[in-house]
Amino acid sequence: MMEKEEIYSKVMRAGRRTYFFDVRETKAGDYYLTVTESKKFTNDDGSFHYKKHKIYLYKEDFVDFKDNLNEMIQYILDEKGEEVISERHQTDYKREEETAAVPADTTSSETSSFTDIDFDDI
């Protein structure tokens, strides 16, 4: 099936993903929406390819789709808040913790083996 040209389009870039929102026209002359997710994958040799997933959304489904989407978004925000929690963010957070300054507690075994040196003594 050949898709008709877009009537109206928007692009949303999100890291390695790009989302395309396209209004298209049916054979009968009505409009429908396609939402395409395109994700870039890099091969070991440095070349890359894209995987695409597409949703076709017709006017008769707009209200229910919008209601369900809004409900799911609100559920996620209510349960987990707006802060992004991901494996990548967790890795960055752990790295920050590891490089943070050592507490001033000199009673720990890690710091008790060090000698306090005054640079005037050198």
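Here the structure is a predicted model, which means the values were calculated and not measured.
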- Quick one: does Asp22's side chain get under 4.5 Å of Leu33's, heavy atoms only? no

- Item | Flag if over 12 foreign heavy atoms under 6.0 Å of CG, Asp44 | no

- Task: Any chance you could measure Lys51, atom NZ, to Arg17, atom CZ, to the nearest 0.5 Å?
- Result: 11.5 Å

- cation_pi(Lys59, Tyr32) dist<6.0 Å, angle<=45: no

- Item | Intermediate values then yes/no, side chain to side chain contact (heavy atoms under 4.5 Å, CB included), Lys54 and Val35 | CA-CA 6 Å; Lys54 188 173 281 201; Val35 180; over 6 Å; no

- CG (Leu57) and CG (Asp64) are apart, to the nearest 0.5 Å, by 10.0 Å

- Counting only heavy atoms not in Phe48, do more than 12 sit closer than 6.0 Å to its CZ atom? no

- What's the spacing between Lys52 NZ and Thr36 OG1 if we round to 0.5 Å? 7.5 Å

- Task: State the NZ-CZ distance between Lys40 and Arg16, to the nearest 0.5 angstrom.
- Result: 10.0 Å

- Query: Transitively linked via ILVMFWY side-chain contacts under 4.5 Å: Tyr8 with Met12?
  - Reply: no

- Message: Restricting to ring-ring contact (aromatic ring centres under 6.0 Å, His included), what partner residues turn up for Tyr75, sequence neighbours left out?
- Response: none

- side-chain hydrogen bond (donor to acceptor under 3.5 Å, both in side chains) assessment of Thr26 paired with Asp30: CA-CA 5 Å; Thr26 66; Asp30 208 354; 5.7 Å; no

- Message: I'd like to know if the side chain of Asn43 and the backbone of Asp45 have a donor-acceptor N/O pair within less than 3.5 Å.
- Response: no

- Item | Hydrophobic cluster identity match, Phe62 and Ile73, side-chain contacts under 4.5 Å | yes

- Item | Spacing of OH belonging to Tyr19 relative to CZ belonging to Arg13, to within rounding of 0.5 Å | 13.0 Å

- Message: To check you understand the geometry: which heavy-atom pair defines the closest contact between Leu77 and Glu82, and what is its length?
- Response: CD2-CG, 3.6 Å

- Item | Distance, nearest 0.5 Å, that separates OG of Ser9 from CZ of Phe20 | 9.5 Å

